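The structure presented is a predicted model; accordingly, all values stated were derived computationally and were not measured. In the text below, chain A, chain B and the rest are named by the order of the sequence lines, each starting its count at 1.
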Number of protein chains: 2
Amino acid sequence: MRRGAEAKEVVVDGVRAAILNGEMSPGQRLVEAELTEAFGVTRGSVRSAFADLAAEGLVERIPNRGVRVRRVSVAEAVAILECRGVLEGLIAARAAMRVDADQTAQLEEIGDAMRVAVASGDVLTYSRLNSRLHAAVSEIGAQPVAADLISRLRSQIVRHQFQLSLRPGRPQVSLPEHLAIIDAVVARDADAADRAARRHVESVIAALQQDETAPAAGGNPVEVGVD
Amino acid sequence: MRRGAEAKEVVVDGVRAAILNGEMSPGQRLVEAELTEAFGVTRGSVRSAFADLAAEGLVERIPNRGVRVRRVSVAEAVAILECRGVLEGLIAARAAMRVDADQTAQLEEIGDAMRVAVASGDVLTYSRLNSRLHAAVSEIGAQPVAADLISRLRSQIVRHQFQLSLRPGRPQVSLPEHLAIIDAVVARDADAADRAARRHVESVIAALQQDETAPAAGGNPVEVGVD
DNA sequence: CCAGACATCATTGTTGACAATAGTATCGGC
DNA sequence: GCCGATACTATTGTCAACAATGATGTCTGG
């Protein structure tokens, strides 16, 4: 059995993964004893992990009744995405001001690969490129605070985003938006980068609201779902 | 001795307050046993409070060596404020779209009172009005997620903001910025509200950077320091 | 007098037992 | 047969003792 702080991380990561791939669904109750056994850690580690997950907003504590997987409504998801929008805009704008030649090449390479992936219908590759793009822009923008907030917000709505990424036709919508971000950053146009990043998130919001009545998903995400 | 979850809150609030008023300074080590005695709670409550405070970014844990009050450099404070800027902009823009007649009157009342307070040099009243303004805009904007992020970010730099608010002449700078936010919201001009809110935060950033070489403060904040 | 090893101490981390709580089933009165 | 009270069970919350860790001080050989 793993011990100490390491054990806590095992549980945190395990629960995160379980929420992402749907093994644990919103509203589901998480019993300490069960996770203790499932992960082979002590109860203390599980409790400590719960504290972390609650702080991250992935889970909610109900006094004397344990924790449940947080259920985030579409309305809440929209509010979260609105925040993400302005923060992504900030990062993109900064990236546009700081980007160098090497990074420009890297971004353009990602853009080209995205085009290919979407054209050939390779959703998995597209998703991975998507992650790379976000990571690259985030690194170029050098805004660790904003990046941290975004990753926290993102983790709260992984399920929504995952379902969205499964929507047929979604890559065709998001591709030009991603390319617009790349173009603006490469052109060192901070204002355009801000607008492009916001517009992209707005498009995610619109799709999400449209999806409200037509749900789907349940499959294994692998690494998909980063739209 | 207080018990349970209540005790944890006592410690969290107590440490927050102590950091704000300078009783606990950045880098200072917080020993569990000392706080246990100081607050009259059990060690478990203190540890639990530490977990909360660390998640909030007010304090940092060093494995096997306890927690220290987080030292946030001016550069970090700027990064934090940059995030706050776009988030405040979001809230202000939303407020401009949602404001009703009652709220308009309320905002204008705050604005008038601010003018009077600054004219008469009543810093304390001005600070309180400042808080009221933020709260009012936040409520009108109805963006709980953004508001929550802001309050978290704000708590990380309370000391910086407090020092800033003591600067002579600072109210004369911030007053017109605040009034611009009010005017834009009242005029239901979302774009102007966004710009005004951002501009205000940018002015805080500029003042903070200027202050970098000329520190001050140490006194009792009471309720000052919400610039 | 200095360096390194060792012992000591203060402090944090972990654990297992115990207490408190909420939910559930059982029983008795009507 | 239904309703309320009561006992029971499952689960979370708390605590105090114990273990591990890192820092500090001391001693010894060179």
Side-chain angles (χ1 to χ4, degrees), chain A residues 1-19 23-72 156, chain B residues 1-19 23-72 156:
Chain A
M1 187 190 291
R2 289 173 186 267
R3 332 262 298 190
E6 184 195 12
K8 182 187 74 174
E9 288 306 318
V10 170
V11 179
V12 170
D13 294 346
V15 172
R16 254 207 220 98
I19 289 174
E23 276 171 51
M24 292 175 178
S25 30
Q28 179 177 336
R29 191 161 158 216
L30 302 182
V31 179
E32 291 179 4
E34 288 173 10
L35 298 201
T36 291
E37 182 158 1
F39 289 104
V41 300
T42 70
R43 195 157 79 95
S45 298
V46 173
R47 286 178 67 77
S48 169
F50 280 174
D52 276 28
L53 291 164
E56 217 179 323
L58 269 149
V59 117
E60 52 193 355
R61 273 203 124 104
I62 303 161
N64 292 317
R65 306 215 319 173
V67 316
R68 304 175 165 275
V69 177
R70 178 167 162 217
R71 169 169 288 151
V72 32
Q156 293 177 16
Chain B
M1 186 192 292
R2 288 175 186 267
R3 330 263 299 191
E6 184 195 11
K8 182 186 74 176
E9 288 307 318
V10 169
V11 178
V12 171
D13 294 346
V15 172
R16 255 208 220 97
I19 291 174
E23 276 171 51
M24 292 175 178
S25 31
Q28 179 177 336
R29 193 161 157 216
L30 302 183
V31 179
E32 291 178 4
E34 288 174 10
L35 299 201
T36 292
E37 182 157 2
F39 289 105
V41 300
T42 69
R43 196 157 77 95
S45 298
V46 173
R47 287 179 67 77
S48 169
F50 280 174
D52 275 28
L53 291 164
E56 216 179 324
L58 269 150
V59 116
E60 52 192 356
R61 271 204 125 102
I62 304 160
N64 292 318
R65 307 213 325 176
V67 317
R68 305 176 163 275
V69 177
R70 177 166 162 219
R71 168 169 288 152
V72 32
Q156 293 177 14

Of the listed nucleotides (dT11(D), dT21(C), dT12(C)), which one gets closest to any side-chain atom of N64(A)? dT21(C)
Could you state the atom-to-atom distance from [atom1] of [X] to [atom2] of [N] in whole Å?
X      : N       : atom1 : atom2 : answer
I62(B) : dG13(C) : CD1   : P     : 10 Å
E6(A)  : dT14(C) : CD    : C1'   : 15 Å
R61(A) : dT11(D) : CZ    : P     : 16 Å
E32(A) : dA20(C) : CD    : C1'   : 14 Å
E34(B) : dT11(C) : CD    : P     : 7 Å
K8(B)  : dT14(D) : NZ    : P     : 9 Å
R68(A) : dT12(D) : CZ    : P     : 11 Å

Scan G66(B) against the nucleic acid and name what it touches under 4.0 Å (heavy atoms): base, sugar-phosphate only, or nothing. sugar-phosphate
Reading DNA chain C from 5' onward, which residue's closest nucleotide shows up sooner: R29(B) or P63(A)? R29(B)
Pairwise distance CZ(F39(A)) to NZ(K8(A)) - rounded to 0.5 angstrom: 14.5 Å
Interatomic distance, CZ@R29(A) vs CD@E34(A), rounded to 0.5 Å, equals 8.5 Å
Under 3.5 Å for both distances, Watson-Crick or G-U wobble, that's the pair rule; now give the dot-bracket for DNA chain C, with | marking pairs to another strand and [ ] for crossing ones. ||||||||||||||||||||||||||||||
Any donor-acceptor pair under 3.5 Å between the side chain of R43(B) and the base of dG13(C)? yes
Any sub-3.5 Å donor-acceptor pair from R68(A)'s side-chain atoms to Q28(A)'s backbone N or O? no
dT14(C) phosphate, OP1 or OP2, under 4.0 Å from T42(A) side-chain N/O: no
Can a side chain N or O of R47(B) be found less than 4.0 Å away from OP1 or OP2 on dG13(C)? yes
Do you know the tightest heavy-atom contact between V59(A) and L30(A)? CG2-CD1, 4.0 Å
Do R71(B) and E60(B) sit within salt-bridge range, that is, some charged N less than 4.0 Å from a carboxylate O? no
Between T42(B) and S45(B), does any side-chain donor sit less than 3.5 Å from a side-chain acceptor? yes
Under the criterion side-chain contact (heavy atoms from CB on, under 4.5 Å), I'd like the reasoning laid out for V15(A) against V11(A): C-alpha separation, chi angles, the key distance, then a yes or no. CA-CA 6 Å; V15(A) 172; V11(A) 179; 4.1 Å; yes
